[in-house]
Amino acid sequence: ILTPQPNLKGNVANTLVLTKISADGKHARYSQRFQGYEVFGSEVVAHLDKQGINLDRVTGNFITGLEEITIAKKPAFELDRSIQVAKQIMDGKHDWEFQNTEADLVIYHNPDREGFQPALAYIVNFLAMSETADPTRPFLVIDAVTEEVIDSWEGLNT
C-alpha cells in the first residue's frame with residue numbers, strides 16, 4: 001500500500017502536498033505549492049508496480065525555477081474584488097445573470113505563452129446567462145497585484 005508522507009518538502013517555499021490516494025493504495029496524487037499557494041496546473045501522481053510494493057513511475061507536471069522569479073507574496077486586493085473585476089469585463093449590451101461563481105488565489109503559470117512569467121493571480125469563473133446572448137462560463141486569470149487579466153478561456157464546451 002502506498003503510504004507517502006503528507007508533505008514532501010524540497011525547498012521550504014516549494015512543496016508537494018498529498019491530495020488523494022487511490023482506493024487500492026497504488027496511486028498517490030500531489031499538488032504543488034509555492035509560498036503556500038497552489039501552483040495552477042501542477043500535479044504529480046506516484047504509481048506503484050502491480051504488486052503495490054515499489055515505485056514504478058511518476059507522471060504529471062511540476063514547475064521548476066519558481067524560486068528564481070519574483071512572485072508577489074500577498075495579493076494587493078481581496079478575492080471579492082477579483083470577482084467584481086471579472087464581472088465588469090462582461091459585455092454591457094446584455095443583462096447578465098451570474099451563477100456558480102468560483103475564485104481561487106494561485107500561482108499561475110502558462111508555459112504555452114512565450115515570455116510569460118508566473119504570477120500570483122486569482123482564477124475566477126462563473127456561469128453567465130442572458131436572454132439576449134448565449135450562455136458562457138468564462139475563466140479569467142486576474143493578476144493579484146495589478147488587476148490585469150493575464151489569461152482567459154471559455155469553460156463551456158459546445
Do [X] and [Y] sit in one hydrophobic cluster, given that two such residues count as connected whenever their side-chain heavy atoms are within less than 4.5 Å of each other, even indirectly?
{"X": "Leu156", "Y": "Ile89", "value": "no"}
{"X": "Phe116", "Y": "Val149", "value": "no"}
{"X": "Tyr30", "Y": "Leu55", "value": "yes"}
{"X": "Val145", "Y": "Leu120", "value": "no"}
{"X": "Phe77", "Y": "Ile150", "value": "no"}

Just how far is it from atom [atom1] of [X] to atom [atom2] of [Y], taken to the nearest 0.5 Å?
{"X": "Ser130", "Y": "Met90", "atom1": "OG", "atom2": "CE", "answer": "9.0 Å"}
{"X": "Ile83", "Y": "Gln88", "atom1": "CD1", "atom2": "CD", "answer": "12.0 Å"}
{"X": "Arg137", "Y": "Phe139", "atom1": "CZ", "atom2": "CZ", "answer": "6.0 Å"}
{"X": "Met129", "Y": "Leu127", "atom1": "CE", "atom2": "CG", "answer": "5.5 Å"}
{"X": "Thr70", "Y": "Glu67", "atom1": "OG1", "atom2": "CD", "answer": "12.0 Å"}
{"X": "Glu102", "Y": "Phe126", "atom1": "CD", "atom2": "CZ", "answer": "11.5 Å"}

Whether Gln32 side chain and Ile63 backbone form a donor-acceptor pair below 3.5 Å: yes
Short side-chain to backbone donor-acceptor contact, Ser42 and Val39, under 3.5 Å: no
Between [X] and [Y], which heavy-atom pair has the shortest distance, and what is it?
{"X": "Gln117", "Y": "Ile69", "answer": "OE1-CG2, 3.4 Å"}
{"X": "Tyr37", "Y": "Leu105", "answer": "CE2-CD2, 3.4 Å"}
{"X": "Ser22", "Y": "Lys26", "answer": "OG-N, 3.3 Å"}
{"X": "Arg33", "Y": "Gly36", "answer": "CD-O, 4.0 Å"}
{"X": "Trp96", "Y": "Asp91", "answer": "NE1-O, 2.9 Å"}
{"X": "Phe34", "Y": "Ile107", "answer": "O-CG1, 3.9 Å"}

Pair Phe40-Ile123, side chain to side chain contact (heavy atoms under 4.5 Å, CB included): steps then yes or no: CA-CA 9 Å; Phe40 181 79; Ile123 299 181; 3.2 Å; yes
Close aromatic pair by centroid cut-off 6.0 Å: Tyr108 and Tyr122: no
Glu154 side chain to Thr136 side chain, donor-acceptor N/O pair below 3.5 angstrom: yes
Short side-chain donor-acceptor distance under 3.5 Å, His47 and Thr59: yes
Residue pair Ile71 / Leu66, side-chain heavy-atom distance below 4.5 Å: yes
Any Leu48 side-chain heavy atom under 4.5 Å of Asp56 side chain: no
salt_bridge(Arg29, Glu43) N-O dist < 4.0 Å: yes
Glu147 CD: over 12 foreign heavy atoms closer than 6.0 Å: yes
Option among Ile142, Asp143, Leu140, Val141 that satisfies the side-chain contact (heavy atoms from CB on, under 4.5 Å) test with Asp151: Val141
